[in-house]
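No experiment lies behind these values; they were computed from the predicted model shown. Chain letters run A, B, ... following the sequence lines, proteins first, then strands; residues in each count from 1.
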Amino acid sequence: MTTTTKYQQPNVQGYYGKFGGAFIPEMLHPNVEELRSKYLDIIYDPAFQKEYKALLHDYVGRPSPLYYAKRLSEQYGTQIYLKREDLCHTGSHKLNNALGQILLAERLGKKRIIAETGAGQHGVATATVCALKGVECIVYMGEKDIERQAPNVARMKMLGATVIPATSGSKTLKDATNEAIRDWINNPTDTHYIIGSVVGPHPYPDMVARFQSIISEEIRGQLKEHTGSELPTHVLACVGGGSNAAGTFYHFLEEPTVQLIAVEAAGHGVHSGLSAATTQLGKPGVLHGSKSLVMQTEDGQVVEPHSISAGLDYPGIGPLHAHLYDSGRGVFLSATDEEALQAAFNLAKKEGIIPALESSHALASLEFLSPVNAKKTEAPIPAKAMFTKDSTVVVCLSGRGDKDMATYMKAMEGK
Amino acid sequence: MSRIKELFQQKKNNILNVYCTAGYPQLNSTVPVMKALQDSGVDMIELGMPYSDPLADGPVIQASSTQALANGMTIATLFEQLRGFRQQIYVPVILMGYMNPILQYGFERFCQDAADMPIDGLILPDLPEYEFETEYGPIMQRYGLNFIFLVTPETSEERIRRLDSLSTGFLYAVSSSSTTGKDKDMNAVNNYLQKLQDMKLNNPVLVGFGIKDKATFQQACEHANGAIIGTAFIKALENTLDVEGDTKKFITDIKS
Ligand SMILES: Cc1ncc(COP(=O)(O)O)c(C=O)c1O
């Protein structure tokens, strides 16, 4: 594997290019500093690695398969592989990170876990690992999301977690994140905050990316078995905060021949006023402790995004991705609610897999990149991102669609 | 000499700094509230610039920010309101806010406009020390703005010394690691303030967070140069029909 890390790791201050850092009030300094000074030593301790790897294998169900999607490949005229994070325990990639962080929290001697959640997938993953370790778990969730995501709220409760509604501001994921951060400020010694994506103050973006990097580590080995080469030509993932994308890109970041394609949620359309396409609409700013691209008004107030998928409904993006966008290393596309729905139904019929709505955004982008009848996009796509019939394309199927059945049922009624 | 420095030279004890949110309770309340605070005998004013995601604040101050934003408050509007305010307000005024709105306004432009008013200093809780030193501190300095760092009971002695050396004006001692508006165990607070006092810092120390009435104010003042009241004052303005009268009543109760 390559040794240079132009993109993979932030500098000592937590910056990826212009983005990152730790913009936190002094009250959080001890917690964040403790984490920053210890996380690498803890994670790379052989005993930690042994326990983490064993649980990834026996509990999460890793390695997740890399599946050659034959009918999808025929449809799009190229070679498509699906990285099956949907088959992980709890139904998404979120568990990779939650598991890593609970083992870390245990070694830091923390007795109480807090987390934020939007759709509830990260909340469920966190509640799951807390049950596994017998640790108190408190999940902050926007009051509006609690109404929208009742099944996941019930799962968290059944797993023994306390779900606290975030009633401030817009009552969604960004406010749940604020409330979790406030809880951490008010409980500085006994509590660890398990952030669910590659966002937040340094070292969170790097730490979460490392825990999710198992995705691309496995892809390299599995692809070699399938094709004889560890390197695909393209890797695709959806981006909310960007953790499944960070994991999917991680071991290809320093491989310039591999195209990194990130797909954001365009909602009703990038410029409709109801969108979550942060790289298209955001400006540099500070949100939840790091400098990144942030969707905001001219006056610098953070705006509420929109996406049909609650997991992509976030007004920011991790600093790694802001840097990939800014530097041109990554290609950022977006798919609308409607395009994501179509892609979900297409995958169900073509491959017998019902994907999460988030992952369906990544699948939807196949339409724009295919060598046959590519769908035109508003902004032209760089030639290097387009597939040929011989491309090796890996799509991260970050989660399964069980949690989205209500939305899918509504879509079927409408047809 | 800066207004803040002058104040601390003239008065060493019982300094009362009161926080209010710009544009709250009404858009145009900003200057009248400040005037009422000054007329009631407040020594210094911390003026909060509302933000949608105020991490370091508790629910009461966040609600006042949400209200102020709904009233239409922006940084540009605030500077319009403040233009000429020094004809009425002579106490030191510190702007408190979060980085994001200021970055959008333009950091240098913000400092320039603040200095024009003139504002005396800034408290930006989410501006970290590294970025302060490498990027933003020199700009504030160029415009003669004081910058006040926060310390908490969890801050190590070594770090307190560092933050004290970087601060100008005063040091803001958060009375326990928490967001604004939480009740505090005053004994633990006393020990912590005693420690700060024994350290003989360069800057005067004002205690904030959890000071809500005469008793807590006096207790805080025993070990520090003064204290900052925020949440309790915002609460006092919550349903006010008489900003001036209610402000006077609130401050008089504390100073009596
Ligand atoms: C299945 C799935 N994919 C993707 C995401 C988006 O998060 P991230 O961008 O961090 O991978 C979520 C978030 O809830 C999710 O549940």
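Summarising the geometry, atom CD1 belonging to A:Ile24 is positioned 11.5 Å from atom CG belonging to B:Leu127; distances are rounded to the nearest 0.5 Å. Within the model, atoms OG1 of A:Thr177 and CG of B:Asp53 stand 9.0 Å from one another, a figure rounded to the nearest 0.5 Å. In this structure, B:Thr77 OG1 and A:Asp299 CG are separated by 7.5 Å, a value rounded to the nearest 0.5 Å. Rounded to the nearest 0.5 angstrom, A:Tyr15 OH and B:Tyr130 OH are separated by 7.0 Å.
If you measure heavy-atom distances from B:Pro50 to chain A, the contacts under 4.5 Å come from the backbone alone. At a 4.5 Å heavy-atom cutoff, B:Leu124 makes no contact with chain A through either its backbone or its side chain. Using a 4.5 Å cut-off between heavy atoms, A:Pro284 touches chain B through its backbone atoms (N, CA, C, O) alone. For B:Ile102, no part sits under 4.5 Å from any heavy atom of chain A, backbone or side chain.
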Dump the intermediate steps for side chain to side chain contact (heavy atoms under 4.5 Å, CB included) on B:Asn100 and A:Leu287, then the final yes or no. CA-CA 7 Å; B:Asn100 196 57; A:Leu287 178 65; over 6 Å; no
List the steps and the verdict of side chain to side chain contact (heavy atoms under 4.5 Å, CB included) for A:Met27 and B:Leu150. CA-CA 8 Å; A:Met27 295 82 91; B:Leu150 276 59; 3.9 Å; yes
Evaluate A:Gln301 against B:Tyr51 for side chain to side chain contact (heavy atoms under 4.5 Å, CB included), listing each step before the verdict. CA-CA 6 Å; A:Gln301 306 299 338; B:Tyr51 177 45; 3.4 Å; yes
Report the C-alpha distance between B:Glu129 and A:Glu26 in whole Å, list the side-chain angles of each, state the deciding distance to 0.1 Å, and finish with yes or no for side chain to side chain contact (heavy atoms under 4.5 Å, CB included). CA-CA 9 Å; B:Glu129 176 200 343; A:Glu26 184 61 26; 5.9 Å; no
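Listed by chain and number, the residues in a side chain to side chain contact (heavy atoms under 4.5 Å, CB included) with B:Glu135 are A:Lys291 (sequence neighbours excluded).
No side-chain donor-acceptor contact under 3.5 Å links A:Arg182 to the backbone of B:Ala56.
Heavy-atom minimum distance, A:Pro30 versus B:Glu154: CG-CB, 3.5 Å.
Ranked by non-hydrogen atom pairs under 4.5 Å with chain B, the options A:Lys174, A:Glu33, A:Lys283, A:Glu179 are led by A:Lys174.
Residues of residues 107-118 of chain A placed with any heavy atom under 4.5 Å of a heavy atom in chain B are absent; none qualify.
With a 4.5 Å cut-off on side-chain heavy atoms, A:Val286 and B:Asp126 count as touching.
Open room surrounds CD on B:Gln141; 12 or fewer heavy atoms of other groups in view lie less than 6.0 Å from it. By the 6.0 Å contact criterion, CG on B:Asn239 is open, its count of non-hydrogen atoms from other residues, nucleotides or ligands being 12 or less.
A donor-acceptor pair shorter than 3.5 Å cannot be found between the side chains of A:Glu298 and B:Gln104.
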